[in-house]
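Here is the naming used below: chain letters follow the sequence lines, and residue numbers restart at 1 for every chain. Quick note: numbers below take in every heavy atom, side chains included, and nothing from hydrogens, waters or symmetry partners.
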Protein chains: 2
Amino acid sequence: MRADARRNRERILKAAREVFAEQGAAAQMEPIARRAGVGVGTLYRNFPTRRALIGAMRAEWTAERTANLERALATTDPWTAVTEYVHRGAEAMSRDAGLREVFPDLPAKETTPEDEAAFRDRLTVLVRRAHDAGALRPEVTAETYNGMMVGLGAAITAGTDWRLAADILLAGLRATPT
Amino acid sequence: MRADARRNRERILKAAREVFAEQGAAAQMEPIARRAGVGVGTLYRNFPTRRALIGAMRAEWTAERTANLERALATTDPWTAVTEYVHRGAEAMSRDAGLREVFPDLPAKETTPEDEAAFRDRLTVLVRRAHDAGALRPEVTAETYNGMMVGLGAAITAGTDWRLAADILLAGLRATPT
DNA sequence: GGTCATCCGGACCCGGACCTCCGGTTCCGG
DNA sequence: CCGGAACCGGAGGTCCGGGTCCGGATGACC
């Protein structure tokens, strides 16, 4: 693969993230190519279809979330791990606001099934540790937790300050000391 | 206005709610007409444009939320009012899941500015009362509150049980007793 | 029951967005 | 330095969905 080809691929992905973040799911291909300083032909050579482009973005997104999760898991205290992951997630959401609404369009399993599974595994560990420490509300499963993270993203996209939103969610997730 | 015309208008609105709830923002006009048992011509006579149809749905939605808010305000205890409104909202969201994602597309002020303002006023009252009673986290404004409700809707759409999600949110909103 | 205005329905436009294709250009092995 | 292969760019093709229009039917008033 030629050097400029790889460079173009990166520029396209970067431009796609920006345009999707600004315009949401309705973002079009031609403006993405323009912002990348590239023709649509080049865009379609790297990503044969629109869904493929979104899929590549999703792969990066999942990788980033998984990395955040692992950094959080490195913390010894289970509840600190939870707060850290929620904060990192909230920050990432506020950065890529509009991006969030395009991923539900394509089924998660279609593009990166193994990455998605890896993410789920880590998340399950995080939740179980917090449960064992008695820090997390017992009804909250990994599914629930993930769903609430999606909600957190929507709240942030709606304009809520991400620190405040994260604090509220964390307070709600914390087990009530009996 | 002829009797069947009014009946058709109602049937179209009902069908639109259903189809939008199922398909999300990508829902198309022709399936809506089919489900209403009506041709597209009739649809466009009642709602001259797609945005107008969505606007009408939004008007109904705002009216319902305002009604919920007023019922909640009738409660004497300020915190009970908050919990009641959140629960009603969560239930409504779980009913009209996909509907939520189509409203951000058109600016709120465009269609029903006065209804929207009335809703905001009621919401401000709800929040102030809860603050005065020391029940609500002091940093939470009406804006924040509304944003968190949007997030709640997203979490529910993502598959979280609405009762659990509402409980988590409420626990997070509650002022921490010092 | 007759007449006419109103309404219904679906067969057509039309614009726009995704995708293709080919001539010109740029980078690597000999 | 040079041949060629890979790559770039943008002008279209195609399809699809929102919106129009007119012949036929239907309901209201006398």
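The listed nucleotides are dG17(D), dG9(C), dG19(D); the one nearest the side chain of V38(B) is dG9(C). Comparing dG18(D), dC19(C), dC7(C) by their closest approach to the side chain of R50(A) singles out dC19(C).
A donor-acceptor pair under 3.5 Å links the side-chain atoms of R129(A) to the main chain of L73(A), judged by distance alone. Although no hydrogens or angles enter the test, the distance criterion places no donor-acceptor pair under 3.5 Å between the side chain of E101(A) and the main chain of G24(A).
To the nearest 0.5 Å, atoms CG (L170(B)) and OH (Y85(B)) are separated by 12.0 Å.
If you take CZ of R51(A) and C1' of dA17(C), they are 16 Å apart, rounded to a whole angstrom. Atom CD1 of I32(A) and atom C1' of dG9(D) are 17 Å apart (whole Å). Distance, R9(A) CZ to dC7(D) C1': 15 Å, rounded to whole Å. Atom CG of L43(B) is separated from atom C1' of dC7(C) by 14 Å (rounded to the nearest Å). Going from atom CE of M29(B) over to atom C1' of dT20(D) covers 13 Å, rounded to whole Å. Straight-line distance from the CD1 atom of I12(B) to the C1' atom of dC7(C): 12 Å, rounded to whole Å. If you measure from atom CZ of F20(A) to atom C1' of dA17(C), you get 13 Å, rounded to the nearest angstrom. Between the CZ atom of R11(A) and the C1' atom of dC7(D) there is a distance of 15 Å, given to the nearest Å.
Considering all non-hydrogen atoms of both residues, I156(B) and A90(B) come closest at CD1-O, 3.6 Å. When every heavy atom of I12(A) is checked against every heavy atom of F47(A), the shortest pair comes out as CG2-CE1, 3.7 Å.
OP1 and OP2 of dC18(C) both lie 4.0 Å or more from every side-chain N or O belonging to T49(A). Using a 4.0 Å cut-off, some side-chain N or O of N8(B) falls inside it from OP1 or OP2 of dC8(C).
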Taking only distance into account, with no hydrogens and no angle test, what donor-acceptor pairs under 3.5 Å do side-chain atoms of residues 131-140 of chain A form with protein atoms, sequence neighbours excluded?
{"residue": "H131(A)", "atom": "NE2", "partner": "R137(A)", "partner atom": "O", "Å": "3.2"}
{"residue": "H131(A)", "atom": "NE2", "partner": "V140(A)", "partner atom": "O", "Å": "3.1"}
{"residue": "R137(A)", "atom": "NE", "partner": "G172(A)", "partner atom": "O", "Å": "3.0"}
{"residue": "R137(A)", "atom": "NH1", "partner": "E139(A)", "partner atom": "OE2", "Å": "3.3"}

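Across the interface with DNA chain C, nearest-nucleotide mapping of R6(B) and Q28(A) shows R6(B) to be the residue nearer the 5′ end.
In summary, E60(B) and K14(B) do not engage in a salt bridge, as defined by a charged side-chain N under 4.0 Å from a carboxylate O.
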Its contact letters, B for base, S for sugar-phosphate only and - for none at protein heavy atoms under 4.0 Å, make nucleotides 21-30 of chain D read B----BS---
